[in-house]
Student: 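Pasting a structure here, questions to come.
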Amino acid sequence: MSKSKLIIACVLLSFSQLGWAEQPNQDPYEGYNRFMFKVNDRLDHYVMTPVAKGYRKITPSPVRTGVSNFFNNLRDVVSFGSNVLRLDIEKASTDFVRVGINTTFGLGGLINFADAGRIPNNKNTLGDTFASWGWKNSHYFVYPVFGPSTVRDSVGSSVLYAFPVQNAIFKDSAVRWGVSGLNGVATRESLLDVTESLDDAALDRYAYTRDLYMKLRNQQVGGTLYQSDTDEEVDIDSLVPADEETAPATEHQPQSKHTHTEGKVAHY
């Protein structure tokens, strides 16, 4: 699952599952997390949101779709590597097929033929790999700029931020920075419709984002932190409308009750 899709689910759930925030605090880094949440919020308000709105206004929808497809193709490369590390040959094979088809016939990933062919869409991350190795429980951590995460997922994200997949394609440093910026803007644009209403909600946005993110993430990897008082699982795909770039019928199919095929959190 894409990171943007996980964020969308968190936002939607924050209006319908308010009781979750009453759970005991299990946030040992809350002081730092709240500070970084405010920093990220200001950055989003004054920079990312205006830029994302401008991007949406001046960029035709087919172009935006192509950009999203391109970065989703890179995420399939990450998913392939993650599944190889997990020794999940079946999912690694489907990731390889997706990348091969979209790169070859989809003009470098601009056209998503793999979803049209209903090839399973795994989108695993290094955080999922660490969870499959036993690190299932991890505390909430607000990553600078990129927002909700866990300590476990942040370790994997940091590796991919330091060595992004697009560096193998683009050799010029200026182009690399430009591509990374475009990825951030495109991701933020995809969230505009669901985040605008959050500003009007009379609630502790930090607490709700934390609790709901942890609820969803732990459900995906089989963790036990931030569990609700009931055993009811959250169907993320039922909360978030399907988009043109995603194949929800095949995405994130659990291997068992306590594992997921991932990702809010795919980083390149």
Student: Parallel, tilted or perpendicular: which describes the rings of Y206 and F37, with under 30° parallel and over 60° perpendicular?
Tutor: perpendicular
Student: Please evaluate residues D204 and R34 with respect to the criterion side-chain contact (heavy atoms from CB on, under 4.5 Å), reporting the C-alpha separation (whole Å), side-chain torsions for both, the decisive distance (0.1 Å), and the verdict.
Tutor: CA-CA 11 Å; D204 183 347; R34 283 188 177 274; 2.9 Å; yes
Student: Excluding sequence neighbours, so at least two apart, what forms side-chain contact (heavy atoms from CB on, under 4.5 Å) with Y46?
Tutor: R42
Student: Are the side chains of D115 and N69 in touch, meaning some heavy atoms are under 4.5 Å apart?
Tutor: no
Student: Check ring pair (Phe, Tyr, Trp, His ring centres under 6.0 Å) between Y55 and all other residues, then give those that pass, not counting sequence neighbours.
Tutor: none
Student: Measure across T49 and L192 and return the closest heavy-atom pair with its distance rounded to 0.1 Å.
Tutor: CG2-CD2, 4.1 Å
Student: Can you list everything that forms a side chain to side chain donor-acceptor pair (under 3.5 Å) with S180? Sequence neighbours excluded, please.
Tutor: Q166
Student: Verify, without hydrogens or angle tests, whether N124 (side chain) and N83 (backbone) share a donor-acceptor contact under 3.5 angstrom.
Tutor: no
Student: What's the spacing between K136 NZ and D128 CG if we round to 0.5 Å?
Tutor: 10.0 Å
Student: State, yes or no, whether a side-chain contact exists between K91 and P120 at a heavy-atom distance under 4.5 Å.
Tutor: no
Student: Under the salt bridge (charged side-chain N to carboxylate O under 4.0 Å, His left out) rule, collect the residues that match up with D95, sequence neighbours excluded.
Tutor: none
Student: Return yes if some donor-acceptor pair links the side-chain N/O of T129 with the main-chain N/O of S82 below 3.5 Å, else return no.
Tutor: yes
Student: Measuring from atom CZ of R217 to atom CD of Q220, what distance do you get when rounded to the nearest 0.5 angstrom?
Tutor: 5.0 Å
Student: How are the rings of F130 and W133 set relative to one another: parallel (under 30°), tilted (30 to 60°) or perpendicular (over 60°)?
Tutor: tilted
Student: Flag the pair S93 / I89 as yes when at least one side-chain heavy-atom distance between them is below 4.5 Å, and no otherwise.
Tutor: yes
Student: Do the side chain of R152 and the main chain of W135 share a donor and acceptor less than 3.5 angstrom apart?
Tutor: yes
Student: Kindly determine whether T94 and N122 satisfy side-chain hydrogen bond (donor to acceptor under 3.5 Å, both in side chains), including the steps that lead there.
Tutor: CA-CA 8 Å; T94 58; N122 301 310; 2.8 Å; yes
Student: Should V179 and V78 be counted in the same cluster of Ile, Leu, Val, Met, Phe, Trp and Tyr side chains packed under 4.5 Å apart?
Tutor: yes
Student: If you apply the rule side-chain contact (heavy atoms from CB on, under 4.5 Å), what do you find for N112 with T65, and how did you get there?
Tutor: CA-CA 9 Å; N112 191 346; T65 298; over 6 Å; no
Student: Would T150 and Y213 count as having a side-chain donor-acceptor pair, cut-off 3.5 Å?
Tutor: no
Student: Who pairs with F35 by ring pair (Phe, Tyr, Trp, His ring centres under 6.0 Å), at least two apart in sequence or on another chain?
Tutor: none
Student: Name all residues meeting the ring pair (Phe, Tyr, Trp, His ring centres under 6.0 Å) criterion together with F170; count only those two or more places apart in sequence or in a different chain, and write none if there are none.
Tutor: none
Student: Answer yes if the side chains of N73 and T103 hold a donor-acceptor pair under 3.5 Å, and no otherwise.
Tutor: yes
Student: Same cluster or not: are F96 and L74 linked, directly or through other Ile, Leu, Val, Met, Phe, Trp or Tyr residues, by side-chain heavy atoms under 4.5 angstrom apart?
Tutor: no
Student: Between F146 and Y161, what is the ring plane arrangement, given parallel below 30°, perpendicular above 60°, and tilted in between?
Tutor: parallel
Student: Which residues pass the salt bridge (charged side-chain N to carboxylate O under 4.0 Å, His left out) test with K53, sequence neighbours left out?
Tutor: E196
Student: Tell me, do T187 and F71 make a side-chain contact under 4.5 Å, heavy atoms counted?
Tutor: no
Student: Mind checking what makes side-chain contact (heavy atoms from CB on, under 4.5 Å) contact with P60, not counting sequence neighbours?
Tutor: P62, V63
Student: Could you work out, with side-chain contact (heavy atoms from CB on, under 4.5 Å) as the rule, every residue matching V77, not counting sequence neighbours?
Tutor: V99, V165
Student: Return the set of residues passing side-chain contact (heavy atoms from CB on, under 4.5 Å) with I101 (not counting sequence neighbours), or none when no residue passes.
Tutor: V97, F105, F113, I119
Student: Which residue in the set P28, S154, P148 passes side-chain contact (heavy atoms from CB on, under 4.5 Å) when paired with F141?
Tutor: S154
Student: So which residues get pulled into W177's cluster when ILVMFWY side chains under 4.5 Å apart are joined, directly or through others?
Tutor: none
Student: Would V47 and L182 show up in the same hydrophobic cluster when neighbours are defined by side-chain heavy atoms closer than 4.5 Å?
Tutor: yes
Student: Please give me the minimum heavy-atom distance between Y143 and S149, naming the atom from each residue.
Tutor: CB-CB, 4.4 Å
Student: Indicate the atoms forming the closest heavy-atom contact of N102 with I111, along with that distance.
Tutor: OD1-O, 3.5 Å
Student: side-chain contact (heavy atoms from CB on, under 4.5 Å) between R210 and E30: does it pass, once the steps are laid out?
Tutor: CA-CA 10 Å; R210 175 198 63 199; E30 184 170 0; 4.0 Å; yes
Student: Do the side-chain N and O atoms of S79 and D76 include a donor-acceptor pair separated by under 3.5 angstrom?
Tutor: no
Student: Considering non-hydrogen atoms only, spot the tightest contact between M36 and V142 and give its length.
Tutor: CG-O, 3.7 Å
Student: Does a donor on one side chain sit under 3.5 Å from an acceptor on the other, for D27 and N33?
Tutor: yes
Student: Not counting sequence neighbours, list each pair that qualifies as a salt bridge (Lys or Arg N to Asp or Glu O under 4.0 Å) and has a residue in residues 172-189.
Tutor: D44-R188, R56-E189, R64-E189
Student: Could you walk me through whether N137 and N218 pass side-chain contact (heavy atoms from CB on, under 4.5 Å), step by step?
Tutor: CA-CA 7 Å; N137 286 320; N218 280 308; 4.3 Å; yes
